Colleague: 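Supplied in structure tokens, the structure appears directly below.
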There are 2 protein chains.
Amino acid sequence: MTLEVNPSDELSRDPRAARRAANALKTDLRDLRVQLAMLNHRVGAQAELRDIDLDCLDLVSQHEPVGASALAKLAGLHPATLTGVIDRLERGGWIVRERDENDRRAVVLRTQPERNRDIYQLYSGMNGLIDEICADYTPEQLELIAGFLRRTTVAGVHATARLEEEGA
Amino acid sequence: MTLEVNPSDELSRDPRAARRAANALKTDLRDLRVQLAMLNHRVGAQAELRDIDLDCLDLVSQHEPVGASALAKLAGLHPATLTGVIDRLERGGWIVRERDENDRRAVVLRTQPERNRDIYQLYSGMNGLIDEICADYTPEQLELIAGFLRRTTVAGVHATARLEEEGA
DNA sequence: CCATATAATACGGAAACCATATCATATGAC
DNA sequence: GTCATATGATATGGTTTCCGTATTATATGG
């Protein structure tokens with residue numbers, strides 16, 4: 001006589017279903033990445049910023065106050081390239097350079113909150129659509145999804161660092 | 001007398017909790033986007049491809065066989081810029097140009113499957129880490145997450161198109 | 001057959017990228 | 001302290017990319 005199990009449990013433990021689901025998810029994640037890159041490209045065009053500038057602006061937002069060296073390392077850019085990026089971002093009023101008090105060689109970068117609301121405005125269409133999507137999930141489900149996103153971001157940090165040291 | 005509800009239900013229907021969860025999720029999504037862009041930048045560096053080239057390669061993979069015009073529109077690039085992108089991708093052996101039989105002005109782009117395994121290899125670290133993350137979820141949960149990712153991708157397509165027509 | 005439209009590419013000037021050199025400042029040895 | 005060396009950011013210049021325009025080849029409609 002066979003052991004009967006709950007069908008839902010059965011599905012949950014089928015390793016083939018798990019692998020299929022994981023692979024499908026990786027494909028979906030890749031598609032999302034490309035689409036978000038395209039969206040960012042359009043946002044950047046409206047704001048007269050190159051793709052890399054917008055990425056750096058996001059990085060400054062995340063890590064401010066941040067030094068130029070640290071940002072170059074985060075972004076994987078040559079220091080001289082970053083000087084150009086910072087020049088453009090500062091000229092456009094998106095960030096400001098400040099001298100580091102403790103190390104007068106270094107510069108510290110900060111975002112200009114008012115100016116960055118202009119960027120937020122450009123994302124408002126996307127943000128509204130995401131809100132509509134979120135409305136179809138419970139807070140618990142949203143937290144499940146958000147947790148996955150955060151863990152994937154951490155994985156990205158590690159995978160990026162790994163590639164960096166291999167490339168060096 | 002107040003109407004008593006199931007606490008879990010209560011949480012699920014609290015609009016403030018829902019908004020908080022949605023906002024947190026948007027932040028997490030933005031962080032993930034930046035990190036995936038950084039990862040891609042490193043992958044591109046290893047493959048001697050610019051960021052935009054890698055994006056176009058992804059788009060070709062998604063839509064092949066695809067014409068140059070269609071790709072330019074998808075990527076939001078000037079036709080002349082795309083010629084340069086295609087030149088580099090073809091020189092590197094990532095894609096091939098073919099003449100369209102029905103319209104001999106047009107070119108059709110296809111990926112080179114063998115060559116693209118080299119890219120897959122560069123992503124293997126990240127893919128392995130994602131597999132580990134996925135192992136902590138049931139197939140049902142993974143499907144919930146994947147569905148969210150797909151819906152968000154569609155939202156991205158719409159938001160991108162909206163920005164495009166505004167910019168024109 | 002001709003006019004016009006469309007797909008892709010060639011051309012050229014402007015801009016960006018980045019290896020290297022440079023300048024200012026910091027740190028450690030003595 | 002003084003000097004040698006290291007480090008942070010930027011200037012310089014050659015190479016590459018970007019993109020507006022012109023060009024070539026093909027399609028389509030009259």
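Below, read A as the first sequence line, B as the second, and so on, with proteins coming before strands; counting in each chain starts at 1. Predicted model only: the values in this text are computed from it and were never measured.
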Colleague: Are more than 12 heavy atoms, taken from residues, nucleotides or ligands other than B/Glu98, located less than 6.0 Å from that residue's CD atom?
Modeller: yes
Colleague: Hey, does the side chain of A/Arg50 come within less than 4.0 Å of C/dC17's phosphate (OP1/OP2), counting only N and O?
Modeller: no
Colleague: CZ of B/Arg88 versus P of D/dT15: gap in Å, rounded?
Modeller: 18 Å
Colleague: Quickly work out the A/Leu82 CG to C/dC18 P distance and round it to whole Å.
Modeller: 11 Å
Colleague: Rounded to the nearest Å, what distance is computed from the CG atom of residue A/Asp51 to the C1' atom of nucleotide D/dC19?
Modeller: 15 Å
Colleague: Out of the candidates A/Leu59, A/Val157, A/Val60, only one should pair with A/Leu74 under the side chain to side chain contact (heavy atoms under 4.5 Å, CB included) rule; please name it.
Modeller: A/Leu59
Colleague: Please report the distance, rounded to the nearest Å, between CD in B/Glu48 and C1' in C/dC18.
Modeller: 15 Å
Colleague: Taking everything shown except A/Arg104 itself, do over 12 heavy atoms lie less than 6.0 Å from its CZ?
Modeller: no
Colleague: Passes side-chain contact (heavy atoms from CB on, under 4.5 Å), A/Asp31 versus B/Gln62? Steps please.
Modeller: CA-CA 8 Å; A/Asp31 293 347; B/Gln62 280 180 19; 3.0 Å; yes
Colleague: Rounded to the nearest Å, what distance is computed from the CG atom of residue B/Leu109 to the P atom of nucleotide C/dA7?
Modeller: 14 Å
Colleague: Please determine whether a side-chain nitrogen or oxygen atom of B/Arg91 lies at a distance below 4.0 Å from atom OP1 or OP2 of D/dT16.
Modeller: no
Colleague: Just to be sure I understand the rule, does A/Arg97 reach a base, reach only the sugar-phosphate, or reach nothing, if contact means heavy atoms closer than 4.0 Å?
Modeller: sugar-phosphate
Colleague: Please tabulate the protein-to-nucleotide N/O contacts below 3.5 Å involving nucleotides 26-30 of chain D, giving atom names and distances.
Modeller:
residue	atom	partner	partner atom	Å
D/dT26	O2	B/Arg105	NH1	3.4
D/dA27	OP1	B/Arg104	N	3.1

Colleague: Quick check: closest heavy atoms across A/Val108 and A/Pro65, and the distance to 0.1 Å?
Modeller: CG1-CB, 3.4 Å
Colleague: Between A/Ala106 and B/His78, name the one whose nearest nucleotide on DNA chain D is closer to the 5' end.
Modeller: A/Ala106
Colleague: Please pick, from C/dA19, C/dC17, C/dA10, the nucleotide with the shortest atom-to-atom distance to any side-chain atom of A/Ala80.
Modeller: C/dA19
Colleague: Distance check needed: C/dA7 C1' versus B/Ile86 CD1, whole Å only.
Modeller: 11 Å
Colleague: Could you verify whether a donor N or O on one side chain and an acceptor N or O on the other, from B/Glu64 and B/Thr111, lie under 3.5 Å apart?
Modeller: yes
Colleague: Expressed as a whole number of angstroms, how long is the span from B/His41:NE2 to C/dA16:P?
Modeller: 16 Å
Colleague: Rounded to the Å, how far apart are A/Arg99 CZ and D/dG8 C1'?
Modeller: 9 Å
Colleague: Between D/dC18 and B/Thr81, is there an OP1 or OP2 to side-chain N/O distance shorter than 4.0 Å?
Modeller: no
Colleague: Would B/Arg33 and A/Asp58 count as a side-chain contact (heavy atoms from CB on, under 4.5 Å) if you check the C-alpha gap in whole Å, the side-chain angles of each, and the deciding distance to 0.1 Å?
Modeller: CA-CA 10 Å; B/Arg33 185 205 73 77; A/Asp58 260 325; 3.1 Å; yes
